[in-house]
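Provided herewith is a single structure, encoded as structure tokens, for subsequent inquiry.
We number each residue from 1, following the sequence as shown.
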Amino acid sequence: MSDVAMDHVRAFIAKTRVAEMTAKGWRVVGPGEEGSLLMEGPQFGGAPVRLSALVNDLFDDLVAQALERADRIDHAAGRLPRAA
């Protein structure tokens, strides 16, 4: 998780963690909500990969469900022979 992506992200960071995040290359952008500051910093390289894998898995599941549903409809309409 030490790999850094080229994109920067903005997040509300608790005031107690500002020094830690500044040490990791983040900077204060402005005031935040109560007890936090709006900061901007490098996005860790591992996060987009994990998110991409989750989205791809979800997409694959949705496509598989749609194909199964279409096959059931075709079988019910008598357009495809039933598999043994």
Side-chain angles (χ1 to χ4, degrees):
M1 185 122 150
S2 62
D3 297 334
V4 178
M6 296 303 290
D7 297 330
H8 280 72
V9 294
R10 287 187 174 189
F12 291 112
I13 305 296
K15 289 182 180 178
T16 57
R17 297 195 62 205
V18 170
E20 174 189 346
M21 298 307 285
T22 303
K24 291 183 178 181
W26 286 62
R27 66 183 181 93
V28 176
V29 177
E33 299 172 349
E34 184 177 328
S36 67
L37 294 174
L38 181 62
M39 296 186 75
E40 179 181 64
Q43 180 174 345
F44 293 107
V49 172
R50 286 193 309 269
L51 182 59
S52 174
L54 290 173
V55 170
N56 288 339
D57 289 346
L58 176 62
F59 181 74
D60 291 343
D61 289 343
L62 290 174
V63 169
Q65 290 175 8
L67 290 173
E68 288 173 7
R69 189 177 314 120
D71 285 344
R72 283 195 307 270
I73 291 170
D74 285 343
H75 287 300
R79 290 182 272 204
L80 290 176
R82 282 233 179 242

request  = Could you grab the distance from atom CZ of Arg72 to atom CG of Asp74, nearest 0.5 Å is fine?
outcome  = 11.5 Å
task = Search all heavy atoms of Met39 against all heavy atoms of Val29 and return the closest pair with its distance.
result = C-CG2, 3.9 Å
Hphob cluster co-occupancy, Ile13 + Val28, side-chain heavy atoms under 4.5 angstrom = yes
ask   = Are Val9 and Met21 connected in a single hydrophobic cluster, I mean Ile/Leu/Val/Met/Phe/Trp/Tyr linked by side-chain heavy atoms less than 4.5 Å apart?
value = yes
Atom of Pro42, atom of Lys24 and distance for their closest heavy-atom approach = CG-O, 4.0 Å
